[in-house]
Amino acid sequence: MQIGAEVHGLVTFQVGLYGLAWLIAARMLPSERPAILSWAGFKAMLALGLWLLSQRDAQRSWWAYNGANLATLLAMLLMVRGCLIFLRHPPPPRAWNALWLLPLAALLLLPPSQDAAPWRVVVAYGGQGLLLLLAFFVLRQPLRAEFGRWPSWGLMAPMLGFALHNLGAAARQLWHWPLAQELQMNSTFNIAIFYSYLMATGVFAIGFMAVLTHRLTARLREASMHDELTGLLNRRAMNEYLRNQWHRHLRRRHPLALVMVDLDHFKRVNDTLGHAGGDAVLRATAALFRKHLRREDLVARMGGEEFLLLLPDTPEPAAQALCERLRQLAHDEQLGVTLSLGLTMVAAEDGDAEVAVRRADAALYRAKTEGRDRVVSAPAP
Ligand SMILES: Nc1nc2c(ncn2[C@@H]2O[C@H](COP(=O)(O)OP(=O)(O)OP(=O)(O)O)[C@@H](O)[C@H]2O)c(=O)[nH]1
């Protein structure tokens with residue numbers, strides 16, 4: 001009995017600490033705050049439920065019996081809500097929310113007496129089990145889509161385990177009806193349940209911290225590789241792709257075309273339409289490239305009004321035709337500017353991809369000096 005009380009105290013304290021950790025995380029990560037706050041609430045409610053459970057004695061107070069079950073069910077609801085928000089899952093229909101009002105209302109209204117215990121067990125365990133089982137089926141797919149198969153199983157397995165355990169407990173109560181199958185404070189089984197709660201919430205906390213970090217790292221990497229205004233690759237990312245494509249070209253000798261594009265007299269656009277108008281033209285140019293290039297082509301904004309296109313497996317005549325088409329499309333789609341393009345083919349003799357970039361740059365310069373709104377091709381060595 002004495003050991004049981006100590007274990008209860010420690011486990012409750014530990015779960016409460018997890019809640020505190022989530023609160024700190026919510027302060028540090030504003031983009032994920034609503035989900036994290038739900039999880040902090042989950043831990044707080046669970047700690048409360050466990051503490052109330054440890055208060056069960058012969059007096060049978062409402063708090064120790066109904067209160068403990070209510071707090072645990074609310075904890076599970078908050079946990080599932082946090083997961084739905086975290087995974088950007090649309091909120092469930094209102095009818096589903098109403099479904100959880102039934103066990104909550106029953107737990108509020110039932111007396112804490114021994115006679116009502118079978119009802120309480122079925123409602124509390126059945127409600128929790130059903131909720132966790134539904135959450136398992138709803139959350140597994142989006143979790144897997146974002147983080148992969150094994151992390152999703154690692155996070156969902158404890159949820160499935162608890163769902164089955166709780167449904168089993170409700171079924172056991174129905175089987176033994178009307179003999180109450182309520183958790184007693186001093187039973188070994190009760191202590192095992194406490195430990196498994198601690199383990200599952202630990203796995204949950206560490207697992208979701210890990211996927212959260214994974215998501216934030218992916219977002220940072222995405223931001224560090226893209227130009228904010230147009231959403232195209234930025235210079236840094238393009239240089240990385242350029243190096244990869246260069247080595248691929250050396251290995252396979254597939255034709256690799258490189259095109260430098262510059263908007264003509266862009267300063268005038270800014271002067272007449274203002275900076276915001278200029279930005280809109282840059283975005284429209286990016287959209288034009290995205291629309292008319294293939295998926296495997298790479299487009300970057302190298303800075304200002306200059307873009308670099310990298311066209312794998314594209315022989316020179318095809319690249320030339322594409323450049324001419326883009327130049328014409330700027331007219332047809334009334335971009336508000338004309339395009340000058342410098343084209344070259346990457347060659348193994350260049351020794352370095354940078355040499356090909358400089359050649360495309362020189363071709364672009366010629367396009368500018370020869371009157372703009374044209375394509376100039378610089379032959380590879
Ligand atoms: N709106 C907007 N303007 C930019 C941005 N980055 C650079 N610019 C402007 O782009 C203009 C580039 O001007 P220049 O380099 O003189 O070239 P240009 O007027 O296009 O003339 P040519 O290239 O010789 O045809 C400058 O006025 C820059 O302020 C941007 O992100 N948004």
Side-chain angles (χ1 to χ4, degrees), residues 31 219-243 245 256-293 295 297-311 314 316 319-346 350 353-380:
S31 63
R219 211 177 279 165
L220 270 180
R221 184 171 157 71
E222 186 72 10
S224 75
M225 290 181 71
H226 289 89
D227 167 52
E228 198 183 351
L229 180 71
T230 59
L232 296 177
L233 296 173
N234 60 20
R235 177 186 285 270
R236 218 169 73 104
M238 185 49 126
N239 286 339
E240 205 176 308
Y241 279 115
L242 192 56
R243 270 194 298 276
Q245 288 291 336
L256 176 60
L258 229 162
V259 186
M260 266 302 180
V261 188
D262 195 275
L263 309 194
D264 297 328
H265 297 304
F266 188 61
K267 192 170 174 325
R268 283 188 209 160
V269 177
N270 270 338
D271 291 344
T272 47
L273 300 179
H275 202 78
D279 282 357
V281 171
L282 287 170
R283 276 197 291 267
T285 309
L288 182 115
F289 291 149
R290 262 197 292 264
K291 188 170 159 199
H292 295 283
L293 294 178
R295 280 173 69 88
D297 296 334
L298 297 158
V299 192
R301 183 179 174 213
M302 300 301 274
E305 16 67 280
E306 194 174 76
F307 300 85
L308 180 60
L309 318 182
L310 193 56
L311 315 171
T314 312
E316 184 167 12
Q320 179 83 34
L322 175 72
C323 288
E324 196 50 54
R325 200 162 144 249
L326 289 174
R327 189 196 66 77
Q328 188 57 45
L329 279 165
H331 289 269
D332 299 347
E333 300 199 2
Q334 295 174 348
L335 207 56
V337 279
T338 54
L339 304 180
S340 291
L341 302 96
L343 159 70
T344 194
M345 298 304 291
V346 172
D350 285 332
E354 266 306 307
V355 176
V357 174
R358 281 201 290 277
R359 199 164 51 244
D361 227 358
L364 171 64
Y365 182 74
R366 265 185 52 210
K368 289 277 182 185
T369 51
E370 286 174 13
R372 299 181 172 80
D373 189 17
R374 67 194 59 215
V375 181
V376 169
S377 181

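In this chain, residues are counted from 1 in sequence order. Counting convention: from 1, in listed order, for ligands and their atoms alike. Bear in mind the structure is a predicted one, so any value in this text is a computation, not a measurement.
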G278: numbered ligand 1 atoms lying under 4.0 Å from its heavy atoms
1 (N)
Which residues pass the salt bridge (charged side-chain N to carboxylate O under 4.0 Å, His left out) test with D227, sequence neighbours left out?
R301
Does D361 use its side chain to pair, donor to acceptor, with the backbone of M260 at less than 3.5 Å?
no
Within ligand 1, which atoms have a heavy atom of D262 less than 4.0 Å away?
23 (O)
Going by the side-chain hydrogen bond (donor to acceptor under 3.5 Å, both in side chains) test, name the single residue among H265, H331, K368 that passes it with D373.
H331
Counting only heavy atoms, tell me which of K267, K368, E305 gets closest to atom 17 (O) of ligand 1.
E305
Give the C-alpha distance, both sets of side-chain angles, the deciding distance and a yes or no for side-chain hydrogen bond (donor to acceptor under 3.5 Å, both in side chains) between D264 and S340.
CA-CA 7 Å; D264 297 328; S340 291; 2.6 Å; yes
Suppose I only count heavy atoms of R372 and a 4.0 Å limit; which atoms of ligand 1 are within that range?
22 (P), 24 (O), 25 (O)
Starting from atom 11 (C) of ligand 1, find the nearest protein heavy-atom neighbour and note its residue, name and distance.
F266 CD2, 3.9 Å
Options H275, E306, R268, H265, ranked by nearest heavy atom to atom 25 (O) of ligand 1, top entry
H265
Counting heavy atoms only, which part of V281 comes closer than 4.0 Å to ligand 1: side chain, backbone, both or neither?
neither
Sub-4.0 Å atoms of ligand 1 with respect to non-hydrogen atoms of L263
20 (O), 23 (O), 25 (O)
Between CE on residue M302 and CG on residue D262, distance to nearest 0.5 Å:
12.5 Å
side-chain hydrogen bond (donor to acceptor under 3.5 Å, both in side chains) between T338 and R372, intermediate numbers included:
CA-CA 8 Å; T338 54; R372 299 181 172 80; over 6 Å; no
Can you check salt bridge (Lys or Arg N to Asp or Glu O under 4.0 Å) on R327 and E324, steps first, answer last?
CA-CA 5 Å; R327 189 196 66 77; E324 196 50 54; 2.8 Å; yes
Do ligand 1 and G304 have nitrogen or oxygen atoms that lie under 3.5 Å from each other?
no
So which atom in M345 and which in D350 form the shortest heavy-atom distance, rounded to 0.1 Å?
O-OD2, 4.4 Å
Closest to atom 30 (C) of ligand 1 among protein heavy atoms sits R301 NH2, 3.4 Å
Nearest protein heavy atom with distance in Å, relative to atom 32 (N) of ligand 1
D279 OD1, 2.6 Å
Nearest non-hydrogen protein atom, atom 29 (O) of ligand 1:
N270 ND2, 3.9 Å
